[in-house]
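Got a structure for you, written out below as structure tokens; questions coming shortly.
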Amino acid sequence: MNKIYPSAVAALQGIMADGQLIAVGGFGLCGIPEALIAALRDLGTQNLTAISNNAGVDDFGLGLLLQTRQIKKMISSYVGENKEFERQYLAGELALEFTPQGTLAEKLRAGGSGIPAFFTKTGVGTLVAEGKESREFDGEVYIMERALLPDVSLVKAWRADKSGNLQFRYTARNFNPAVAMAGKICVVEVEEIVETGSMHPDSVHLPGIYVHRIVLNATPEKRIEKRTMTEKAGV
């Protein structure tokens, strides 16, 4: 089975549809599938619900899909650094399911592991717990969280072999393995494609059984977030 596609647009054609639930890897601007996000913008798919730790920035990452109003709802744990996200949310144009970061990671991992739901103490007694089942274990209250099963997952890896075995690079791994495992269809953007069998088994971070389509992006932009501080007198 050939998993390699000639372009990001070609890799998404035939699997994207309006109203889908998608998951996108990355943390901030680190390890985001930038070419696949741009291709999804170009395809014009509408009314998407997007699972991602954050929503990119105004002109990069998922911020591109917010600009074109292709996302109707975000399931995220951090939504700063994106003024368009803020504007749409405050204007009631964008729905948000705010999810604690560890819970979001576990909801994806559970989805990829065939676990329909789990209990956690995170969010007990807060808005996060509203409308969710609670149960007591050993004298402590827990809330039930449902797993996430996206229709399509968009993932960034450093290297893939032709069978789809993936290797991630340093912190760019972040949410990507969990996102890949959870998706019913997983599309991966990589910087290098090698022959099957050429990667050392210990270098494989995610087996190819989870990967359906691969596209090469040998020269990603790789933006870097930088901390800025306001100078104060006497500091």
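Any value given below was found using the heavy atoms of this structure, including those in side chains, with hydrogens, waters and symmetry copies removed. Because the structure is a prediction, the values reported are computed rather than measured.
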Separation between CG of L94 and CD of E84, rounded to the nearest 0.5 Å: 9.0 Å
For the student: nearest non-hydrogen atoms of I51 and P150, plus distance: CD1-CB, 4.2 Å
Contact check, side chains of E145 and V128, non-hydrogen atoms, under 4.5 Å: yes
Neighbour count above 12 (heavy atom, 6.0 Å) for F137 CZ: yes
Residues E192, V194; criterion side-chain contact (heavy atoms from CB on, under 4.5 Å); working and verdict: CA-CA 7 Å; E192 183 180 350; V194 298; 3.4 Å; yes
Side chain T120, main chain T122, donor-acceptor under 3.5 Å: yes
Greater than 12 external heavy atoms within 6.0 Å of R87's CZ: yes
E191/R169 under salt bridge (Lys or Arg N to Asp or Glu O under 4.0 Å): CA gap, chis, key distance, verdict: CA-CA 10 Å; E191 297 176 42; R169 189 167 175 81; over 6 Å; no
Joint cluster assignment, L48 & L149, ILVMFWY side-chain distance < 4.5 Å: no
Heavy-atom closest contact (L206 atom, M181 atom, distance): CD1-CG, 3.7 Å
Closest contact, heavy atoms only, L104 versus N53: CD2-CA, 3.8 Å
Minimum heavy-atom distance A160-V190, with the two atoms named: CB-CG1, 3.8 Å
Interatomic distance, F98 atom CZ to Y78 atom OH [nearest 0.5 angstrom]: 9.5 Å
Given R135, K132, E133, the one that forms side-chain contact (heavy atoms from CB on, under 4.5 Å) with M144: E133
Within-4.5 Å side-chain heavy-atom neighbours: F175 and Q101: yes
Gap separating the CZ atom of F60 from the CG atom of N82, nearest 0.5 angstrom: 13.0 Å
From CD1 (I209) to SG (C186), nearest 0.5 Å: 11.5 Å
Y89, OH atom: more than 12 neighbouring heavy atoms under 6.0 Å: no
S76 versus N54, side-chain donor and acceptor atoms under 3.5 Å: no
Working for side-chain contact (heavy atoms from CB on, under 4.5 Å), residues F119 and E140: CA-CA 11 Å; F119 284 92; E140 300 282 350; over 6 Å; no
Over all atoms of both residues, closest heavy-atom pair of F168 and P177: CE1-CG, 3.7 Å
Value rounded to 0.5 Å, distance of OG in S198 from NZ in K162: 9.5 Å
Taking every non-hydrogen atom, the tightest pair across V141 and S134: CG1-CB, 4.2 Å
Atom pairs and distances, side-chain donor-acceptor, residues 4-25, under 3.5 Å, sequence neighbours left out:
unit_1, atom_1, unit_2, atom_2, d
Y5, OH, R213, NE, 3.3
S7, OG, A10, N, 3.1
D18, OD1, Q46, N, 2.9
Q20, OE1, A17, N, 2.9
Q20, NE2, I15, O, 2.9

Under 3.5 Å donor-acceptor, D161 side chain and E195 backbone: no
Ion pair E106/R109, N-O distance below 4.0 Å: yes
Flag side-chain contact, heavy atom, 4.5 Å: L154 against P33: yes
Close side-chain approach of S203 and R159, heavy atoms under 4.5 Å: no
Cluster check V155, V204: I/L/V/M/F/W/Y, side chain < 4.5 angstrom: no
Backbone N/O of I185 and side chain of H212: donor-acceptor pair under 3.5 Å: no
Residues E34, N217; criterion side-chain contact (heavy atoms from CB on, under 4.5 Å); working and verdict: CA-CA 9 Å; E34 58 195 69; N217 179 15; 4.0 Å; yes
Could you pull out all donor-acceptor pairs under 3.5 Å where a side-chain atom in residues 62-75 meets a protein atom, sequence neighbours excluded?
unit_1, atom_1, unit_2, atom_2, d
Q67, NE2, D58, O, 2.6
T68, OG1, L64, O, 3.2
T68, OG1, L65, O, 3.3
T68, OG1, Q70, OE1, 2.5
R69, NH1, E93, OE1, 3.4
R69, NH2, E93, OE1, 3.3
Q70, NE2, L40, O, 3.1
Q70, NE2, T45, O, 2.9
K73, NZ, E97, OE1, 3.1

Distance (rounded to the nearest 0.5 Å) between E130 CD and I143 CD1: 10.5 Å
Steps toward side-chain contact (heavy atoms from CB on, under 4.5 Å) verdict (V211, L166): CA-CA 9 Å; V211 176; L166 302 182; 3.7 Å; yes
